[in-house]
Each structure stands twice: as structure tokens, then as C-alpha cells.
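Lettering of chains follows the sequences in order, A, B, ..., and the numbering in each one begins at 1. Computed from a predicted structure; not experimentally measured.
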Number of protein chains: 2
Amino acid sequence: MPAKRSLSKQKTSLTMAITPPAEPTTKGERTRAVLLDAAKRLFVSQGFHGTSMRAIADEAGLALGGIYNHFGSKEDIFVAILAERHPFLIVLPAIQSAQGATVEVLVRDAAGRMIAELSQNQEFLNLLLIELVEFEAKHIPMMFDTLFPPLMEFAQRFQAVHGPLREIPLPIILRSFIGLFFSYFITDLLIGNLLPAEMKSGAFDYFIDIYLHGILAGE
Amino acid sequence: MPAKRSLSKQKTSLTMAITPPAEPTTKGERTRAVLLDAAKRLFVSQGFHGTSMRAIADEAGLALGGIYNHFGSKEDIFVAILAERHPFLIVLPAIQSAQGATVEVLVRDAAGRMIAELSQNQEFLNLLLIELVEFEAKHIPMMFDTLFPPLMEFAQRFQAVHGPLREIPLPIILRSFIGLFFSYFITDLLIGNLLPAEMKSGAFDYFIDIYLHGILAGE
DNA sequence: CCTACCGATCGGTAGG
DNA sequence: CCTACCGATCGGTAGG
């Protein structure tokens with residue numbers, strides 16, 4: 001009778017770190033990191049249900065069974081990606097390092113930093129869309145608790161710096177600031193390469209401009 | 001040896017009608033409509049790859065093989081939904097019927113009509129997100145040709161009515177107007193039920209307000 | 001439109 | 001006793 005092996009089905013921590021994961025040191029940590037990166041690439045380009053465990057194993061360069069030494073299931077892999085590779089890990093440092101003595105300068109600086117980071121990481125949007133479409137946002141609450149405080153802290157700086165805001169609740173100002181990026185990137189995906197450059201070049205600057213001043217000329 | 005059945009793999013028209021599909025009359029048309037509605041419900045809640053042909057058959061109340069009398073593949077069903085049930089069929093009439101003698105009134109009227117329609121049809125966003133995530137937006141070009149002209153026509157009305165716009169290219173104004181809805185609905189999905197009502201109630205009115213006037217108080 | 005299947009592939013686990 | 005896998009196969013399901 002064979003002895004039962006103890007499979008270390010490591011549960012991904014459900015509290016999220018704001019700092020990126022530490023550099024993997026042991027062989028196991030390195031393999032785990034390779035798996036997460038491989039799965040992330042495939043999920044981003046094919047979706048969650050469109051990606052097989054075999055495809056992840058191939059992309060990571062190991063056998064299918066080897067995955068289960070690191071993750072208990074395919075969903076566990078996705079959750080780990082959200083927790084350890086999610087786009088907000090990139091966005092938060094960018095937003096927190098923003099500088100500006102007025103609201104306008106602060107917003108432009110924060111938005112510029114975020115766009116610079118996010119444009120290099122196009123997968124940020126897809127991971128979130130997969131979460132919304134294929135998981136009905138069920139993992140969002142676990143992310144929310146750690147993301148909300150620093151975001152609100154940023155929003156507070158809107159009020160602290162010089163420059164009057166119109167009478168809009170601060171949470172709405174923050175929400176619409178974040179929404180700006182969805183607005184920009186999703187319409188960018190929709191128009192794709194179909195449009196003349198005039199509708200794309202410098203578009204984000206105009207988006208920020210509208211966020212700050214609106215489309216109407218002052219009377 | 002069974003005789004080979006002639007499968008009527010009806011191709012969905014690749015040009016899109018702006019008018020909704022005609023009321024189904026024949027038995028076959030009714031079954032087809034039932035299949036599209038069933039598949040749409042499942043796609044919206046589980047994604048494309050997360051929905052099986054058997055599930056669609058069950059939801060529609062027929063056998064698996066029966067689906068293929070109406071559609072050649074699962075993807076064909078999705079394409080037919082995009083072409084005949086897609087959200088823009090709802091949005092375009094709303095936008096075209098908008099009234100207003102000034103830009104501000106026109107924008108508020110159009111946005112109000114769109115939100116009213118879209119809030120009743122929460123699936124509108126998910127269908128588009130599925131297209132973006134699971135199909136990498138490959139069906140968008142077929143939709144674009146028919147959607148772009150009426151949208152630009154609407155944008156032209158921005159200029160025709162009284163009320164000066166800031167110096168922003170018209171395509172950008174249109175794009176950011178459309179983006180407003182992604183901004184609103186996606187942030188709504190993200191915050192879910194986690195937030196106090198204060199951040200949600202009347203939020204869209206504020207979004208429109210920011211679109212028109214920006215967050216900064218005039219100096 | 002159904003029953004009965006196919007080639008293949010699915011997510012996950014067996015013993016070693 | 002642990003880790004990090006392997007080749008092979010489990011029970012079921014995929015699109016057609």
C-alpha cells in the first residue's frame with residue numbers, strides 16, 4: 001500500500017501586498033514565478049476558460065502534473081495573478097509618487113505617470129476584464145480592502161493642494177479619475193487601428209483636459 | 001450507414017442592420033431567436049469559452065445537435081448576437097433621438113437616454129468585454145462600418161447647436177463621450193456593493209457634469 | 001430536430 | 001522527510 005504523499009497545495013494569501021512579490025530565491029519559488037508569468041500571458045491573450053492547464057504547462061516549460069505542486073487548481077493560478085501581478089501594483093506607486101502644487105498639475109502628473117506605466121503593460125486591462133466577465137468580479141472584494149485606502153489618500157491630496165474644485169463629492173472625483181483610464185483604453189481597443197492618426201495622437205492629453213476643464217468653453 | 005444530413009450552416013450576414021431584427025414568424029426563425037436569447041444569457045454570465053453548446057441547448061430547450069440546424073459553430077452564435085442583439089442597436093436610437101438647443105442640454109439628454117437604456121440592459125457591457133477579452137476585438141471592424149457614420153452625425157450636432165466648445169478635435173469629443181459610459185459602468189462593476197450609497201447615488205450625473213465642465217472651479 | 005456518436009481535449013490526479 | 005517534478009491515465013466534456 002503506497003504511502004500518501006503530502007501535496008503542498010499552497011493557498012494564495014487572500015490579503016494582498018501592495019509591494020511587488022520578493023525576488024524568488026529557491027527553485028520552487030522560481031518555478032512558481034515562471035508559472036504565474038506564463039499563465040498571465042495566456043490568460044491575457046485567450047481569456048481564462050480559453051486557456052488550458054496543458055497550455056500553461058507548455059508555456060512554462062514543465063509537465064502538466066508539475067503545476068499541481070504549486071497551485072491547487074486553475075482558478076488558484078488566476079487568483080494568485082490578481083494578488084501578485086495585478087495592474088494596481090503598477091499603478092499605485094505611480095499615483096503615489098505624483099507631484100504638483102495645484103490640482104491641475106497634480107492630476108496631469110499622476111495621469112501621465114499612470115499612462116506611462118499602463119501603456120507598457122497592456123495586459124493590465126485584460127486581467128481586469130477577465131475578472132469582470134469570467135468571474136463576475138467575485139475576487140474584487142479581496143483586492144478592494146488594500147487598494148481603497150491609498151486611493152483615498154491620493155484623493156485627499158486633491159483637496160490639500162491649491163486650486164478650487166467644483167462641488168463634486170471627493171469619491172466621485174476619484175472614481176471618475178480612475179474611470180478615465182477605462183474610458184481611454186477601452187475606446188482605444190474598440191477603434192483599434194481603424195482610425196486615422198488624428199483621432200489617436202495625443203488623445204489622452206485631451207481626455208485629461210476634458211476631465212479638468214470639460215468640453216464647454218467658459219462663457 | 002446513415003444518410004448524410006444537409007446541414008444548413010446559415011452564415012450570419014456580415015453587414016449589420018441598425019434596425020432590430022424582424023419579428024420571427026416561421027417555426028425555424030422562432031427557434032433561432034430562442035437559441036440566440038438563451039446563448040446571450042449564458043455568454044453574458046459565464047463568458048464565451050465558459051459556455052458549452054450543451055448548456056445552450058438545455059437553456060434553449062432542444063438537443064445539442066439541433067443547434068447546428070441554425071448555426072455552424074459556437075462562434076457563429078456569438079457573431080449573430082453581436083450583429084442582431086448588440087448593445088449599439090439600443091444605444092443608437094437613444095442617441096439619435098436626443099434633443100437640445102445647446103451642447104449642454106443635448107449632451108445631458110443623450111447621456112440620460114443612453115443610461116436609461118443601458119441600465120435596463122446590463123448585459124451590453126459584458127458582450128463587449130467578451131469580444132475584447134476572448135476574441136481580441138476581431139469582430140469589431142464588421143460593426144464599425146455601420147456604427148461610425150451615425151455616431152459622427154451625432155457629433156456634428158455638437159457643433160451645430162448653440163454653445164461654444166473648447167478647442168478639442170470633434171472625434172476626441174465623441175470618443176470621450178462614449179468612453180464616459182465605460183468609465184461609469186466598469187467602475188460601477190469594480191466597486192460593486194462595497195461602497196456606501198453616497199459614492200453611487202447620482203454618480204452618473206456627476207460624470208456628465210465633469211464631462212461638460214471638468215472638476216476645476218472656474219477661476 | 002433528436003439520438004447516438006466521433007476525435008480531441010478538458011481539468012485534475014494516480015503511483016513512482 | 002521534503003521539493004519538484006515525471007509518464008500515464010482518471011472520469012467527463014469539448015465542438016462537430
Side-chain angles (χ1 to χ4, degrees), chain A residues 1-12 24-40 42-43 45-81 130 134-135, chain B residues 1-12 24-39 42-43 46-81 130 134-135:
Chain A
M1 201 184 209
K4 204 126 190 160
R5 275 180 13 270
S6 68
L7 290 177
S8 67
K9 298 193 180 180
Q10 303 171 228
K11 280 272 178 193
T12 299
T25 49
T26 71
K27 182 98 185 298
E29 282 166 1
R30 260 177 280 134
T31 304
R32 183 188 146 94
V34 167
L35 271 168
L36 285 180
D37 292 337
K40 179 176 174 180
L42 294 172
F43 288 156
S45 63
Q46 305 170 7
F48 177 80
H49 286 106
T51 299
S52 71
M53 290 295 264
R54 279 162 184 80
I56 295 170
D58 289 348
E59 178 84 7
L62 50 81
L64 171 65
I67 296 179
Y68 294 91
N69 292 313
H70 300 273
F71 302 98
S73 69
K74 190 163 72 154
E75 181 167 340
D76 279 3
I77 300 178
F78 185 78
V79 172
I81 290 172
I130 290 170
E134 302 193 69
F135 292 101
Chain B
M1 200 185 204
K4 203 119 193 168
R5 277 176 13 267
S6 69
L7 293 177
S8 64
K9 298 193 179 181
Q10 303 170 228
K11 280 273 177 193
T12 299
T25 50
T26 70
K27 181 97 187 300
E29 282 166 2
R30 257 178 282 134
T31 303
R32 184 189 144 95
V34 166
L35 271 167
L36 285 180
D37 292 337
L42 294 172
F43 287 157
Q46 306 170 5
F48 177 81
H49 287 106
T51 299
S52 72
M53 290 295 263
R54 280 164 181 79
I56 295 171
D58 289 348
E59 177 84 6
L62 51 79
L64 170 66
I67 296 178
Y68 295 91
N69 293 313
H70 299 274
F71 301 98
S73 68
K74 190 162 73 155
E75 181 166 339
D76 280 3
I77 301 178
F78 184 78
V79 172
I81 290 172
I130 289 169
E134 301 193 69
F135 291 101

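- To the nearest angstrom, C1' of dG11(C) lies 15 Å from CG of Leu42(A).
- The nucleotide whose nearest atom lies closest to any side-chain atom of Thr31(A) is, among dG16(D), dC10(C), dC5(D), dC5(D).
- A heavy-atom distance below 4.5 Å is not found between the side chains of Phe71(A) and Met53(A).
- In this structure, CE of Met53(A) is placed 17 Å from C1' of dG11(D), rounded to the nearest angstrom.
- Whole-Å rounding puts the Asp58(A) CG to dG11(C) P distance at 12 Å.
- Listed pair Ser52(A) / dC10(C) meets the phosphate criterion, a side-chain N or O lying under 4.0 Å from OP1 or OP2.
- dC6(D) atom P lies 10 Å from atom CG of Leu64(A), rounded to whole Å.
- Atom-to-atom distance recorded for Phe135(A):CZ and His49(A):NE2 is 6.0 Å, nearest 0.5 angstrom.
- Using a 4.0 Å heavy-atom criterion, one finds that Ile67(A) contacts no nucleic acid atom at all.
- Considering only side-chain atoms of Ala63(B), the nucleotide from dG16(D), dT3(C), dC5(D) that sits closest is dT3(C).
- When the P atom is used for both dA8(C) and dG12(D), the distance is 22 Å, rounded to whole Å.
- For the OP1/OP2 pair of dC1(C) and a distance below 4.0 Å, the side-chain nitrogens and oxygens of His70(B) include at least one atom meeting the criterion.
- The distance between atom CZ of Arg32(B) and atom P of dC1(C), rounded to the nearest whole Å, is 13 Å.
- Checking dC1(C), dG16(D), dG15(D) against every side-chain atom of Lys74(B), the shortest atom distance belongs to dG15(D).
- As rounded to whole Å, 14 Å separates atom P of dC2(D) from atom CG of Asn69(A).
- Between the CD atom of Glu75(A) and the P atom of dC10(C) there is a distance of 18 Å, given to the nearest Å.
- Taking atom P in both dG16(C) and dA4(D), one finds a spacing of 22 Å when rounded to whole Å.
- Following rounding to the nearest Å, His49(B) (NE2) and dT13(D) (C1') show an atom-to-atom distance of 15 Å.
- With dC10(C), dC5(D), dG15(D) as the candidates, the nucleotide lying closest to the side chain of Tyr68(B) is dG15(D).
- Scanning atom types as modelled, no donor and acceptor separated by under 3.5 angstrom connect the side chain of Arg54(B) and the base of dG12(D).
- To the nearest 0.5 angstrom, Thr31(A) atom OG1 is 10.0 Å from Glu29(A) atom CD.
- Contact check for Leu35(B) versus Ile67(B): side-chain heavy atoms found under the 4.5 Å cut-off.
- Residue Ser52(B) holds its OG atom at 8.5 Å from CG of Leu64(B), rounded to the nearest 0.5 Å.
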